[in-house]
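Inspection log for the structure reproduced underneath, given as structure tokens.
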Amino acid sequence: MNPSFLTGLNERQLEAVTLPHQSALILAGAGSGKTRVLTMRIAWLIDSGQASPASVLAVTFTNKAAKEMLIRISAMLPINTRGMWVGTFHGLCNRMLRAHHREAKLPQLFQILDSQDQLALIRRLLKAANVDEEKFPPKQAAWYINGHKEEGRRAHEADEHDDFNRRMKEIYARYEEQCQREGVVDFAELLLRCYELLAHNEALREHYLSRFKHILVDEFQDTNRLQYRWLKLLAGKENAIFAVGDDDQSIYAFRGASAANMQDLQKDFAVEKVIKLEQNYRSHGYILDAANALIARNQRRLGKNLWTVDTKGELLRVYEAATDLEEAGFIVEEVKSLHREGVALADIALLYRSNAQSRVLEHALFSAGLAYRVYGGQRFFERQEVKHALAYLRLLASDDDDSALLRIINFPTRGIGSRTLEQIQDMAAARNISLWSAAKEKTGMLQAPAAVPGKGLAGFIVMIEALRVATQGLKLPEVVAHVIEHSGLKTYYQTEKEGRDRLENLDELVNAAAAFVGDVQQEDTGLATFLAHAALEAGDNQAQAGVDALQLMTAHSAKGLEFHSVFISGLEEGLFPHENSMVENDGLEEERRLMYVALTRARRRLYLSYAQSRMLHGQTRYSIASSFFQEIPELLMLRINRSPAARFIAPSTVGARMQPESAGTQSSSPWRIGQNVAHPKFGNGVIVNAEGRGADARVQVNFGRDGLKWLALEYAKLTAA
DNA sequence: TTCCAACTGTTTTTT
DNA sequence: ACAGTTGGAA
């Protein structure tokens, strides 16, 4: 009696979807229908009467994935998805903490700090405590704090085996204290606080244990240790975890993701059978062959091989360019020809390892008049003008929010200088009160000097209180509009010459509030909920959707997407795989997984390109081809290089221009910058720098995986390669 | 308060 | 190369 929506599943998929009530691990390869299986599992559980919508909890990493899941479920089942808990880890934890804020020892309207806010708060604490920011950089403190929280460790549980750690621990403790005083939580805190809430409150745990019989997790390989512990707590002994993931696509170890959770899940939940989804519905055969061969080099794998019933398709096209400029030129020409053949621009992706690489590509595309869209960069709710407006709203929602107050107390400027600020900060610190209270007290003591009305500390306080009164009883979008208008933000950006875009964004914020209120999924449309929404869902960062434009993004952001044609550019040793990854544990394996993700984005055509020289950080760098080229069978690749003559001339010209001072070295010896060389011990490399002459002449060679080496020409047994 | 010069740190990113 | 930040002078 399989419902009609199950037709069209392959055997493995069907097995996964209709598994009996038990914990399971679905190893779902790229393009194997992972999201389909996950959503159908939910639909099947409900449709077959095994589960009520309220007993389902589904977790994803991004809001986009959560929305997608809800849409697909609604399409299959005529049910109200409101009772279902589908969301991101952070979103679900937020929901739980709001519902039980008292038990979690949080104010009802607790605010959420994004990473910017968190860093600002840490900076503030370091300054107040007179900590040397050189020795204890705020970024490192943030990393330390978040790392500890993700390990489930509070400040009092932190190590103090050396001076550095003792100091960090102290900062962590102060930070915890300050957050609690202000009633704010950072992203990691959402998870940890929720975890502790469930761990320490048995009645509550029992409540949720008896409710969520079915826990489903998307992208399980991306979970961190704390998220796994949270899941474990929610599952208890009776409930089933249905985890879908792909260890080969684990590319977020650097932010705490632990693919080891896949092994732990099998152990902790006695998972008997791991179901592998290996049939790929996306790519042609050669593309999969290349991806399979590459990823097979990794040692730590659960093991998986993608296959397709589709044709072998086209070989991978490999292009070696002399310079990054030339590489970009090649890509532009190929894109044009693909477009002429009828491939939509939006169905073509240009992938690269790091964001800095997009510039030269953008330049070439712009000159060629090709429409393109760059992913990444600043998101809507992270823009300064939007954050300013949100800070006003935050202060209206809660007096205690020092972070919000500091952001806007003198913006737009109203004559509150650093001295005044220091005074109220000292007063607040000494008496452990909020800056708002301190400010009020100070102006009270000074009898509100008859200065320019609306200026100074008193002016600020009067204004905030006026805003509070005026927005009483208004609807959310009206509140937002009123605050933008009467805080002085609007006037400020109207007079700024670069303020037009910012004004538009402020208008957009009012629209966002209206959309939020109009969203049927949203039960509570109060100010605090909107602020949480803004923090948890930073918003899209790209405008003009729907236009047919080429897609530019990093390999990381391409995960989960697919395109007719994909260009992977900058495939140079040191860039991709990135040199920094070599010092990390299993760094190369993670780079290889990233390359695997990039390869498997392509449905039909795949281009791999690299440049012998490239501008990076303001200097020309010379590199050899990525070692990944040696890991893909040569038979799968079609080399489409331009004429050898051009290849010979280009690098030496560039080298001579960039390094005029070493011209002597160059003319008197057979070596030149950009030259490919071979060394008996280090293998192939490229000369990237030179100094000295005669017997003192030394050259710096980039050996790729072995790094940069200075070699004395007199002794080193270098040969031209 | 505002402006400009000097200085810094540049892998990947979601919440 | 370049963007973002900081410090000092006006």
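If you're wondering where the values come from, they're calculated on a predicted model, not measured in any experiment.
Comparing A/A538 and A/G417, the nucleotide of DNA chain B nearest to each residue sits closer to the 5' end for A/G417. Between A/E591 and A/G91, the residue anchored closer to the 5' end of DNA chain B is A/E591, taking for each the nucleotide with the nearest heavy atom.
Taking atom CG of A/L119 as the reference point, atom P of B/dT15 lies 19 Å away to the nearest angstrom. Between the CG atom of A/L575 and the C1' atom of B/dT11 there is a distance of 9 Å, rounded to whole Å. Between the C1' atom of B/dT10 and the CG atom of A/N580 lies a distance of 10 Å, rounded to the nearest Å. For A/L191 and B/dT14, the CG to P distance is 16 Å, given to the nearest whole Å. Atom CD in A/Q378 sits roughly 15 Å away from atom C1' in B/dT14 (whole-Å rounding). To the nearest angstrom, P of B/dT10 lies 14 Å from CZ of A/R353. For the pair A/E590 CD and B/dT11 P, the interatomic distance rounds to 15 Å; values are reported in whole Å.
One finds a side-chain N or O of A/T554 lying less than 4.0 angstrom from the OP1 or OP2 phosphate oxygen of B/dT13. Phosphate contact (OP1/OP2 of B/dT12, side-chain N/O of A/N355, threshold under 4.0 Å): present. Phosphate proximity of B/dT1 to A/R414: absent, as no side-chain N or O sits under 4.0 Å from OP1 or OP2. Side-chain N/O atoms of A/S115 include none lying less than 4.0 angstrom from OP1 or OP2 on B/dT14. For A/N146, no side-chain nitrogen or oxygen approaches OP1 or OP2 of B/dT15 to under 4.0 Å.
Within 4.0 Å (heavy atoms only), A/Y252 reaches sugar-phosphate atoms of the nucleic acid but no base atom. Looking at heavy-atom distances under 4.0 Å, A/E219 makes no contact with the nucleic acid at all.
Under the 4.0 Å criterion applied to side-chain N and carboxylate O atoms, A/D114 and A/R379 are not assigned as salt-bridge partners. Under 4.0 Å is where a charged nitrogen must lie from a carboxylate oxygen, and between A/R72 and A/E68 at least one such pair does. Using a 4.0 Å cut-off between a side-chain N of Lys or Arg and a carboxylate O of Asp or Glu, A/E590 and A/R593 qualify as a salt bridge. Electrostatic pairing of A/E189 and A/K149 counts as a salt bridge here, judged by a charged N lying under 4.0 Å from a carboxylate O. Looking at A/E182 and A/R124, a side-chain N of the basic residue comes within less than 4.0 Å of a carboxylate O on the acidic one, giving a salt bridge. Between A/K559 and A/D222 there is a salt bridge, since a side-chain N of the basic residue sits under 4.0 Å from a carboxylate O of the acidic one.
In the set C/dA1, B/dT11, B/dT15, B/dT11 carries the atom at the smallest distance from any side-chain atom of A/H578. For A/T413, whose side chain is taken as the heavy atoms from C-beta onward, the closest listed nucleotide among B/dT11, B/dT13, B/dT1 is B/dT1.
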### Message
Show, in sequence, the C-alpha distance, side-chain angles and deciding distance for A/D248 and A/R301, and conclude whether the salt bridge (charged side-chain N to carboxylate O under 4.0 Å, His left out) test is met.
### Response
CA-CA 7 Å; A/D248 290 335; A/R301 297 180 67 212; 2.7 Å; yes
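Taking every heavy atom of residues 58-65 of chain A and every atom of DNA chain B, pairs under 4.0 Å involve A/F61, A/T62, A/N63, by number.
Here the side chains of A/Q249 and A/E219 are not in contact, with every heavy-atom distance at 4.5 Å or above.
Dense packing is recorded around CZ of A/R154, with more than 12 heavy atoms of other residues, nucleotides or ligands lying under 6.0 Å away.
Two rings, from A/Y175 and A/H148, have their centers 6.0 Å or more apart.
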### Query
Could you write nucleotides 3-9 of chain C as a row of B, S and -, 5' to 3', where a protein heavy atom under 4.0 Å of any base atom gives B, of only sugar-phosphate atoms gives S, and otherwise -?
-------
